[in-house]
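Each remark here refers to the structure printed beneath this line.
Chain letters run A, B, ... following the sequence lines, proteins first and then strands; every chain starts at 1.
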Amino acid sequence: MTPQELTDIAVWADALTQDELPQAAAGVRMKTFERGQHVAHFSDYLDAWHGVIEGVLRVGHVSDTGQVAGVSAILGGGWFGEGSIIKDEARRYDVVAVTDAEVAIMRGDTFRWLFANSVGFNRFLVQLLNERLGQFIAIVGRDRTSSAVVRLAHTIAAMYNPVLFPRTPAEIEMPQEDLGVFAGISRQITNKSLQILANDGLITLIPTGLKVLDIEGLKDYGG
DNA sequence: GCATTAACAGCCG
DNA sequence: CGGCTGTTAATGC
């Protein structure tokens, strides 16, 4: 793709020099996935770095009983998969499109070239990893004690982390069942909790999704 | 009480 | 029909 196209879809493109930008852009292409399609399978050897341009992906792994565990969402502007490239190993998770999604794919050698040469790119990676770590620590801290509504509110708020997902739209298209998986609660309680949050004026419900009205309110919900 | 699963009817493409 | 939504009943921690 062209440097301009890359700048339009990736915030980290701004951190590259004039020399680096065309190199990066040349190694990135777009691909669309339909709801339910796998972007990456567990144990796949995928030599690529992925960015979500539109839609929602779910990363996690599936147990033998079909239960999904250890999941997190990736949405607008979120990039992932650098661990497998840097460590040169197979994927440790399944990545599935929860909604129809548009995904940018960077070739592994392009990633490694930026990793070896671009100061700005590495700064972005450090910031990305740091933010992701903070998000997981926050989950561990609140998971045991909090109620379903609070968990759901924080789960939704986390989808608007400006570093991890700088382009998440106000309206998120996502079935309540998948939202429940991200929050770690059942579909029925997800439905009830969504109605409570809507009653509080933090969100409104739309067909197959929700519209966020008050991100700060969700973040601070329940304490 | 609160959450989970199972099962239901209603809605919509 | 098939997927999503909203609700209720039965059960468990």
Side-chain angles (χ1 to χ4, degrees), chain A residues 30-42 44 50 52-78 80 93-103 135-161 164-165 167-223:
Chain A
M30 301 294 300
K31 185 171 180 183
T32 59
F33 293 87
E34 290 177 10
R35 164 162 170 75
Q37 261 191 306
H38 274 76
V39 176
H41 277 96
F42 182 84
D44 263 0
H50 291 176
V52 176
I53 307 310
E54 203 177 310
V56 184
L57 304 185
R58 162 165 59 74
V59 47
H61 62 258
V62 186
S63 70
D64 45 10
T65 59
Q67 297 278 350
V68 186
V71 292
S72 59
I74 302 175
L75 32 177
F80 66 96
Y93 301 104
D94 275 320
V95 180
V96 182
V98 167
T99 70
D100 291 352
E102 203 169 340
V103 178
Q135 187 152 312
F136 279 115
I137 289 176
I139 292 173
V140 174
R142 76 182 178 232
D143 229 21
R144 302 294 191 285
T145 54
S146 298
S147 69
V149 199
V150 175
R151 282 229 301 272
L152 183 63
H154 292 168
T155 300
I156 297 171
M159 295 178 177
Y160 289 90
N161 181 306
L164 296 179
F165 316 118
R167 306 170 60 91
T168 302
E171 291 192 5
I172 301 179
E173 177 209 345
M174 166 162 32
Q176 294 178 0
E177 173 157 13
D178 294 303
L179 193 55
V181 171
F182 291 135
I185 55 182
S186 69
R187 178 185 73 81
Q188 290 84 341
I189 297 298
T190 301
N191 178 265
K192 277 192 149 190
S193 302
L194 283 172
Q195 291 181 36
I196 292 172
L197 294 177
N199 248 326
D200 293 343
L202 299 174
I203 64 172
T204 55
L205 294 176
I206 60 174
T208 319
L210 61 131
K211 179 174 184 176
V212 173
L213 304 177
D214 184 355
I215 297 174
E216 288 303 313
L218 290 170
K219 203 185 298 177
D220 300 337
Y221 198 86

- Query: With sequence neighbours excluded, what pairs up with A:D200 under the side chain to side chain donor-acceptor pair (under 3.5 Å) test?
  - Reply: A:Y221
- Message: Atom CD of residue position A:E54 - does it have more than 12 heavy atoms of other residues, nucleotides or ligands inside 6.0 Å?
- Response: no
- Message: For A:E177, I'd like to know if atom CD has over 12 heavy atoms of other residues, nucleotides or ligands within 6.0 Å.
- Response: no
- Could you tell me which non-hydrogen atom of A:M159 sits nearest to which non-hydrogen atom of A:F182, and how far apart they are? CE-CD1, 3.9 Å
- Item | For A:L202 against A:G217, the heavy-atom pair lying closest together | CD2-CA, 3.9 Å
- Sequence neighbours excluded, the answer for ring pair (Phe, Tyr, Trp, His ring centres under 6.0 Å) partners of A:F80 is A:H50
- Item | Atom pair distance, as rounded to whole Å: CD in A:E177 and P in B:dT5 | 10 Å
- Verify side chain to side chain contact (heavy atoms under 4.5 Å, CB included) between A:H38 and A:D94, making sure each step is shown before the conclusion. CA-CA 7 Å; A:H38 274 76; A:D94 275 320; 3.8 Å; yes
Short N/O separations, protein against nucleotides 10-13 of chain B, under 3.5 angstrom:
none

- Message: side chain to side chain contact (heavy atoms under 4.5 Å, CB included) for A:L218 and A:H154? Distances and angles first, verdict last.
- Response: CA-CA 6 Å; A:L218 290 170; A:H154 292 168; over 6 Å; no
- Query: So, A:Q195 versus A:N191: side-chain donor-acceptor pair below 3.5 Å or not?
  - Reply: yes
- Message: I want to check something: taking the side chain as every heavy atom from C-beta on, are A:V96 and A:V98 in contact at a cut-off of under 4.5 Å?
- Response: no
- Student check: side-chain heavy atoms of A:T99 and A:I172 closer than 4.5 Å: no
Short heteroatom pairs, N/O only, protein and nucleotides 1-3 of chain B, under 3.5 Å:
{"residue": "B:dA3", "atom": "OP1", "partner": "A:A148", "partner atom": "N", "Å": "3.0"}

- For nucleotides 6-13 of chain C, just jot down a letter per nucleotide in 5' to 3' order: B, S or -, based on protein non-hydrogen atoms under 4.0 Å. BBB-----
- Message: Nearest 0.5 angstrom please: A:I156 CD1 to A:I203 CD1, how far?
- Response: 5.0 Å
Could you pull out the protein-nucleic contacts involving nucleotides 1-3 of chain C (nitrogen or oxygen on both sides, under 3.5 Å)?
none

